[in-house]
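Comments concern the structure below.
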Amino acid sequence: MKGIIGRKLGMTTIYKDGKAFGVTVIKAGPCVVSQKKLEKNDEYNAIQIAFEELTEQRAKKILKKPLLKKYESAGIKPHRIIKEIRTEDVDKYNVGDVLKVDIFSEGEKVDVVGTSKGRGFSGAMKRWNFGGGEASHGAKFHRELGSIGNSSQPSKIWKGKKMPGQYGNKRKTVQNLQVLKVDAEKNIIAVYGGVPGARGSLLLVRSQKKLRK
Amino acid sequence: MDQYIRAIESEFAREDLPEVRPGYTVRVHVKIKEGKRERLQAYEGIVIRVKGSGVGKTFTVRRIGSAGIGVERIFPYACPHVEKIQILRKAKVRRAKLYYLRDVKGKIKLKEKKDKNRG
């Protein structure tokens with residue numbers, strides 16, 4: 001498992017072998033390995049990577065002291081964001097190593113983790129694609145969700161019933177996106193398909209977890 | 001932020017193609033694959049719409065096909081299948097989208113546009 005932190009830039013079209021692909025462009029890395037986690041100390045194996053270097057002045061302002069000390073003891077410059085990537089081959093990395101987008105190659109499949117766009121408290125039609133009712137012809141049933149269960153048997157509403165509620169602003173993973181373009185010089189990676197979140201939102205790009213047949 | 005996307009799009013920019021505007025009569029040569037063979041097919045008509053920008057720019061060409069049925073075809077400007085665009089006629093038009101041509105019965109007449117820079 002390898003991964004890198006980035007920000008979503010937006011979408012565009014690229015042509016490859018005469019075919020058009022809708023791609024999401026992500027500005028990812030460079031990331032610095034800030035800590036190695038080993039099973040004997042931390043109960044699991046992972047590397048911790050830091051993204052978006054801060055100037056010292058800025059770091060003092062927005063980071064708390066424990067975090068500043070952590071960077072200091074690791075011997076790297078303070079960064080805005082820290083994320084962990086579970087990996088079994090921790091030995092391949094050293095604290096202070098710089099990861100760039102060229103850890104991925106074109107044609108590879110990746111998973112992209114991000115936070116979906118927040119839609120607030122949404123009704124069942126938007127949130128669960130319920131049908132709703134007619135808008136006119138004397139209808140009194142418009143955007144409601146209808147029946148939510150039986151009567152005296154079972155005298156309750158089943159857990160997980162699709163109802164209105166908070167929609168979006170939630171961690172989402174899109175699996176098996178193909179990498180179509182890697183530019184290590186500009187720290188740019190383009191994947192085939194959409195990814196969660198608005199432009200400028202934080203993303204974690206990592207190698208695919210499940211192989212697709 | 002946008003600069004990186006524009007940089008990617010500029011790779012697919014087609015500088016070999018002429019500028020297409022509404023009202024132009026054009027002949028578009030499109031690559032068509034038949035089995036393993038590739039050939040060129042020409043499609044001629046009036047540009048009634050230019051839409052979008054950058055790599056997503058498209059234009060719509062309308063012509064009257066056989067049996068008098070109108071045919072509209074949308075071409076992506078950056079599409080590698082578009083081999084060549086010939087401009088046959090430039091017309092002076094007063095709107096950006098010439099949808100009214102769909103309702104014109106009989107022959108479509110458009111005023112010729114005089115190039116200002118013509119020596």
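Basis for what follows: all heavy atoms, side chains included, without hydrogens, waters or symmetry-related copies. Order of the sequence lines fixes the chain letters, A, B, ..., with proteins taken first and strands second; residue numbering starts at 1 for each chain.
Of all heavy-atom pairs between A/Gly18 and B/Pro80, the closest is CA-CG, 3.8 Å. In plain terms, the two heavy atoms of B/Phe12 and A/Tyr15 that are nearest each other are CE2-O, 3.2 Å.
For A/Lys172, the NZ atom sits in a loose shell: 12 or fewer heavy atoms of surrounding residues, nucleotides or ligands are nearer than 6.0 Å. More than 12 heavy atoms of other residues, nucleotides or ligands lie within 6.0 Å of NZ in A/Lys161, so this atom counts as buried by the packing criterion. Within a 6.0 Å radius of CD in A/Glu43, no more than 12 heavy atoms belonging to other residues, nucleotides or ligands are found. The environment of CZ in B/Arg102 is crowded: more than 12 heavy-atom neighbours from other residues, nucleotides or ligands sit within 6.0 Å. Within a 6.0 Å sphere centred on NZ of A/Lys60, heavy atoms belonging to other residues, nucleotides or ligands number 12 at most. Counting heavy-atom neighbours within 6.0 Å of A/Lys37 NZ, excluding the residue itself, gives a total above 12.
Interface remark: of the candidates B/Gly54, B/Pro76, B/Ala7, B/Cys79, B/Cys79 forms the most heavy-atom pairs closer than 4.5 Å to chain A.
Between A/Lys181 and B/Glu11 the shortest side-chain heavy-atom distance falls below 4.5 Å. Taking the side chain as every heavy atom from C-beta outward, A/Ile188 and B/Ile8 approach each other to under 4.5 Å.
Note: B/Glu9 CD to A/Ile14 CD1 = 11.0 Å, rounded to the nearest 0.5 Å. In this structure, the separation between CG on A/Leu9 and CD on B/Gln3 is 9.0 Å, given to the nearest 0.5 Å. To the nearest 0.5 angstrom, B/Tyr4 atom OH is 8.5 Å from A/Lys186 atom NZ.
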